[in-house]
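Below is one structure, written out as C-alpha cells, with a few remarks after it.
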Amino acid sequence: MDKRYDHKVKEAEVLKKWEDAKAFTADPKSGKKPYTIILPPPNASGKMHVGNVLMIAIEDLLIRWKRMKGYEALWVPGTDHAGFESQTTFERELRVKGKSRFDYDRDTFYKMMMEFVLSNKGQIEEQIRSMGASVDWTRYTFTLEEKSINTVVNTFKKMVNEGLIYRSDYVVNYSFKYGTTFSDAETVMKEQTDPLYYIKYGPLTVATVRPETKLGDTALAVNPRDERYKDYVGKEIVFEDVTGLNRLKVIADEYVDSAFGTGVLKVTPAHSKDDYEIGLRHGLEIKQVIGTDGKMTSLAGKYAGMKVLDCRAQIVEDLKKLGSLEKIDESYVHTVPVDYRTEDYIEQLVIPNWFVRVEELKKMALDVVKNGDVRIFPKWQEITYTRWVENMRDWAISRQIVWGIRVPAWYNVDENPDITVTFLAEGEVVRGQVSDLLRRYDLKEISSGLQSLTAPNNANYVISKESPGDRYLPETDTFDTWFSSGQWPLITLGYPDSEDFKYFYPTDVLETGWEIITRWVSRMIMFGCYLTGKAPFRDVYLHGRVMAIDGKKMSKSLGNVINPEEYQAEFGTDALRMGMISGTANGKDFAFPRDKVLAYRNFSNKIWNMARFLIMLVNEEGLTKKDLQDFKPWNLQRGTTDLEMYEGFKKLVNNVDKSLGKYRFSDAGDFIYHFMWDELASKYIEEVKVRENREDKINGLKNLAYIFSNCLKVLHPFMPFITEAVWGELIKEGLIKGRLLAKTEWPGV
RNA sequence: GGGCCUGUAGCUCAGCUGGUUAGAGCGUUCGGUUUACAUCCGAAAGGUCCCUGGUUCGAUCCCAGGCAGGCCCACCA
C-alpha cells in the first residue's frame, strides 16, 4: 500500500473500475424496489460551477446510499440546451467574427448552434464523471435530442386538442436587444430615477415617465370615488395634442390611485400590462405605437420610424412648444422591469404569442403539495411555492429565438395571406406580407431563407412535427425552455409506455437549488400531474446557493468566483464533495466552506493511514483471511471495549440512516467523521495496539478490521473514491472478500 | 406595499419537539518523532447564544416588539 494517498491517481483508477463493471446501469427487471433521481440538467455548453458540485454530491449521496440499501437505484444524467443563454453566448462569438444571426436563415443558424453546443458538451459530461457521480450514462439525455422533441411536440398537440393552448395578443415583456419575449420569471424589478412629466390633456393633467406612449393612448382614467374629476367621467375631452386635435374618453376605474401624481391616468393598452387590463374592462382600442424593432410604428403618425428614446425627446420638445408640459419632476424614483440576467431594458409590447391556460394545471399543482403527495424540504419553501403557483397567470410559452424546440405549427400561405415573414434572399434580408412577397418570390425561396414569421392571432394553423404540405410555412417561435424542461422527468424516463417509465416513474427525489422552485419545479409538477395524473416526484429537496468565501454572491466583476476544479485538484474530489455537504444544513445560502474541504482532505489522509496501520498490525500478528472473515462481532464479551466499539458502530449506522432519511446530510457526515476519527482511530486503535495479552490483541484486531471495513461502507456514499480505493487494498491484503464497494450491501444492524 | 429567511466562539456554520459544564471545522496558544498519519497526537484559551419585554420552575430554542443583514413577490402610471 502506498505511503501516501494520491487522490489524482486513485480517483482515476476507481472511476475505471466502476465503468468496467458497469456498476451504475439500472435494470427495470431487477425485481427490487426502484429509487430514482433525475439529475437537473446543467447547461450543455457550460462548465461546472460549485452549485453543480453540491447538487451532484447530494444526489450521489442519496443514490449510493439507497443502492447499498438494496434499491434498484437509477440516476439519470442529462444536459440542457439552455435556449436563451446559449444563444446569447453564441451570438457573442459571432459578433467577434463580425457576423450576427441576421446573416443566416433559421435552419442554418440552428445547425451552427447545434455544432457549437455539441462541441462544448463533452466538457460538462467529463466534469460530472470526474465528480464520481454514479449516474447511468446509458440513459443520458440531451434536451434537444429526438426523444425530447417528440415528447414536447406530443404534449403540445394534446394541449392544443384539449383547448389549453391559445394565441393572443398579450402584453409581454419584450427585449429589443435580444428580439424576444421574456416570461415574468425572467424579469426583475430595478429601481431607477427618471423624469416624471406632467402633461396637460385639455383641462386635465397626467403624470407619466413615458410621454412617447401618449401616442397610443385610448382613454384617460380616474378613480370613481375621486370628487375632483367626477364631472369628467363618461365625457370626451377634446384638446390640442402633438399630433393635432385629439379626443379621449374619460373613464372611471378602481385601479387608479387618486393619490399618485394628479390622480389622472393615461391609458395605453398596447404598452402596459395594467392599462391592457383596464382596456379589457372598458372595451378600449389597442393602439400599438412601438414595434418589435424598437421603433415607433406607422400609428405614431409623424413620429413613425423614430427610436423610442428619440421619440420621447421629440415629444417633450413638441409639448413644450405647445405649452402642454406643465412641469417635470426630475427626481422621480420608480421600479421598472429589466432582464434578470443582464438588467437590460424591457419593453412591454403587444405581440401575438402562444399561451397555456393555467387555471386547471394550477389546481393540480397546488393540490399535490397541499395534500402531502409532494413534500418540500425545507418545509418553509412550501409557502414560496404555493404563493407563486396561486398567483400564476397564463403562461406565454413562445420565444422569438432559434435555439430551442420549435413550436410545431404550420401556416398555409393561401389561407393566411397576412402573415409577415423575414427571410434571406441571396444575402438580402427581405421582410413583408407573404401575399405580396409571393408575387415576387417562389415559396421555396422564402421557406429556405426563412428567418422569422409572425402570424396574426386568428391565423389557421396545423400542428405537426413535419411540414403538412407544399403551401405551408413553419412557425418560427420556439418554446420557452421551461416548457420543455418542465417535462424532463417524463422525457428522460420515456413517457408514456417505456419499461423505464412504468418502473421508475414517479421518481423519488427532486434535488435542486431553491431559486428555481417557481420556474422549474412548479412546471414539472404541472406537467407530471397533467399527463400522468401523478406528480413526478415524491420529495423536493432544495439546497441553498453557494456564495463566495467572503459570503457575497459570486460574480466575475468581484473576482470571487470559485472554480471547483482547483479544489478538486488540490484536495481531492471526496474532500470537495463532503466539505460542501457538511457546510450546509437546511437549505440556506452559505459561504463556500473552504475550511471544511480542508478538514475532509485531512480526513481522507486519516482513513488511508488507518488502513495502512491496520494491515500492518494484521500481518504482524499473522492473522489469516479465515481468521478475519469468520469473525462475528456479536459474540464479543460483555464489558469489553471491543463490544463497546461494536455497539458504537451499530449506533452510528442507525444515526446515519436516520439523518439521511430526514435529508440531514451534514449531521450524517459529522457522525461518521467523529466516530472514525475520535472513537475508532484515536481511542480504539491506540488502545488495541498496546494490548499485552496476545489473545485480547488478536480479538481487538479482528474487531477493528470488521468495524473499519464496515465504516467504509457507511462512508462510501459521502466519499466514494477513497473508500473504494481503500476497500480495494483490504481485498488485496485478504482482510475482506468482495469486489466493488459501490455494489456492496449496507451494513445491517 | 406584502411575505420569507437569517443574526450562536476570531472566521464559516451545527444546535432535533425548551432542561445539568452551548458544539464542529478552521484559526489562536502551549506541549509532543511513543509500531500509521505533522494532512499527525495531547491540552488550553475563546461565547451578556442581536436588543427589550413576556410565557415558564427553567429559553439560544416559544410569543410580542425593536435593530441589523439577505432574499422573494407586487400593477402605482
Side-chain angles (χ1 to χ4, degrees), chain A residues 1 3-5 7 171 184-185 188-189 194 196-197 199 206-211 213-214 217 220-221 255-268 271-278 332 334-337 348 378 380-388 390-391 514-515 517-518 544-545 547 549-553 570-572 575 579 582-617 619-620 658-659 662 664 666-667 669-671 673-674 677-678 681-682 685-686 688-690:
Chain A
M1 199 168 169
K3 195 160 171 12
R4 288 176 55 111
Y5 174 63
H7 62 259
V171 186
D184 286 343
V188 292
M189 302 305 281
D194 282 308
L196 183 65
Y197 303 92
I199 301 168
V206 171
T208 178
V209 273
R210 306 200 51 193
T213 61
K214 84 191 303 297
D217 290 346
L220 293 176
Y255 166 74
V256 182
D257 179 357
S258 312
F260 185 87
T262 59
V264 185
L265 170 71
K266 61 193 234 7
V267 188
T268 323
H271 299 293
S272 150
K273 274 184 193 170
D274 314 313
D275 292 12
Y276 181 81
E277 279 170 15
I278 295 174
Y332 175 61
H334 65 148
T335 52
V336 293
Q348 303 202 330
W380 55 265
Q381 289 284 10
E382 216 178 279
I383 300 167
T384 316
Y385 176 87
T386 331
R387 279 171 57 95
W388 193 83
E390 273 167 359
N391 294 324
W514 59 256
E515 70 271 21
I517 184 173
T518 52
R545 269 183 320 188
M547 301 301 190
I549 292 175
D550 55 16
K552 293 196 184 112
K553 207 168 160 176
E570 188 177 351
F571 299 106
S582 73
T584 174
N586 40 20
K588 293 186 298 193
D589 294 349
F590 64 106
F592 179 76
R594 190 186 182 284
D595 293 341
K596 298 245 157 106
V597 176
L598 183 84
Y600 282 106
R601 189 275 312 262
N602 296 351
F603 187 46
S604 301
N605 173 257
K606 188 72 191 178
I607 290 163
W608 187 254
N609 279 293
M610 284 167 79
R612 281 179 60 209
F613 192 50
L614 177 64
I615 289 168
M616 200 192 84
L617 290 176
N619 289 337
E620 211 173 71
K658 257 198 266 173
S659 302
K662 288 188 288 186
R664 306 269 320 172
S666 65
D667 285 359
D670 276 3
F671 282 130
Y673 178 90
H674 286 113
W677 200 316
D678 301 343
S682 300
I685 293 183
E686 294 299 320
V688 170
K689 77 182 181 191
V690 295

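Below, chains carry the letters A, B, ... as their sequence lines are ordered, and counting in each starts from 1.
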Kindly write out the residues that satisfy salt bridge (Lys or Arg N to Asp or Glu O under 4.0 Å) with A:Lys606, not counting sequence neighbours, or none if the list is empty.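 Salt bridge (Lys or Arg N to Asp or Glu O under 4.0 Å) check on A:Lys606 returns nothing, list empty.
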Kindly give the atom pairs (protein nitrogen or oxygen, nucleotide nitrogen or oxygen) under 3.5 Å for nucleotides 15-19 of chain B.
residue: B:G15; atom: OP1; partner: A:Arg664; partner atom: NH1; Å: 3.0
residue: B:G15; atom: OP1; partner: A:Arg664; partner atom: NH2; Å: 2.6

Polar atom pairs between nucleotides 25-29 of chain B and protein, under 3.5 Å, N or O only, would you list them?
residue: B:G25; atom: O2'; partner: A:Asp595; partner atom: O; Å: 3.3
residue: B:C26; atom: O2'; partner: A:Asp595; partner atom: OD1; Å: 3.2
residue: B:C26; atom: O2'; partner: A:Asp595; partner atom: OD2; Å: 3.4

With sequence neighbours left out, write down each residue that passes ring pair (Phe, Tyr, Trp, His ring centres under 6.0 Å) with [X], or none if nothing qualifies.
X: A:Tyr5; answer: A:Trp608
X: A:His674; answer: none
X: A:Tyr276; answer: A:Tyr170

Check nucleotides 68-71 of chain B against the protein and report each pair of N or O atoms closer than 3.5 Å, with its distance, or say if there are none.
none

Could you list the donor-acceptor pairs under 3.5 angstrom formed between side-chain atoms of residues 589-597 of chain A and any protein atom two or more places apart in sequence or on another chain?
residue: A:Asp589; atom: OD1; partner: A:Trp514; partner atom: NE1; Å: 2.8
residue: A:Asp589; atom: OD1; partner: A:Arg545; partner atom: N; Å: 2.8
residue: A:Asp589; atom: OD2; partner: A:Arg545; partner atom: NH2; Å: 3.2

Tell me every residue that passes side-chain hydrogen bond (donor to acceptor under 3.5 Å, both in side chains) with A:Thr213, counting only those two or more places apart in sequence or in another chain.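 By the side-chain hydrogen bond (donor to acceptor under 3.5 Å, both in side chains) rule, A:Thr213 matches A:Lys266.
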In chain order, what residues pass the side-chain hydrogen bond (donor to acceptor under 3.5 Å, both in side chains) check against A:Tyr255, with sequence neighbours excluded?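 Scan of A:Tyr255 (side-chain hydrogen bond (donor to acceptor under 3.5 Å, both in side chains), adjacent residues dropped) gives A:Asp274.
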Sequence neighbours left out, what passes side-chain contact (heavy atoms from CB on, under 4.5 Å) with A:Ser659? Give chain and number order.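 Testing A:Ser659 for side-chain contact (heavy atoms from CB on, under 4.5 Å), a comparison that skips the adjacent residues, returns A:Arg664, A:Asp667, A:Ala668, A:Phe671.
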Identify, with sequence neighbours excluded, every residue that meets side-chain contact (heavy atoms from CB on, under 4.5 Å) alongside A:Glu390.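 side-chain contact (heavy atoms from CB on, under 4.5 Å) list for A:Glu390, sorted by chain: A:Leu366, A:Lys370, A:Thr386.
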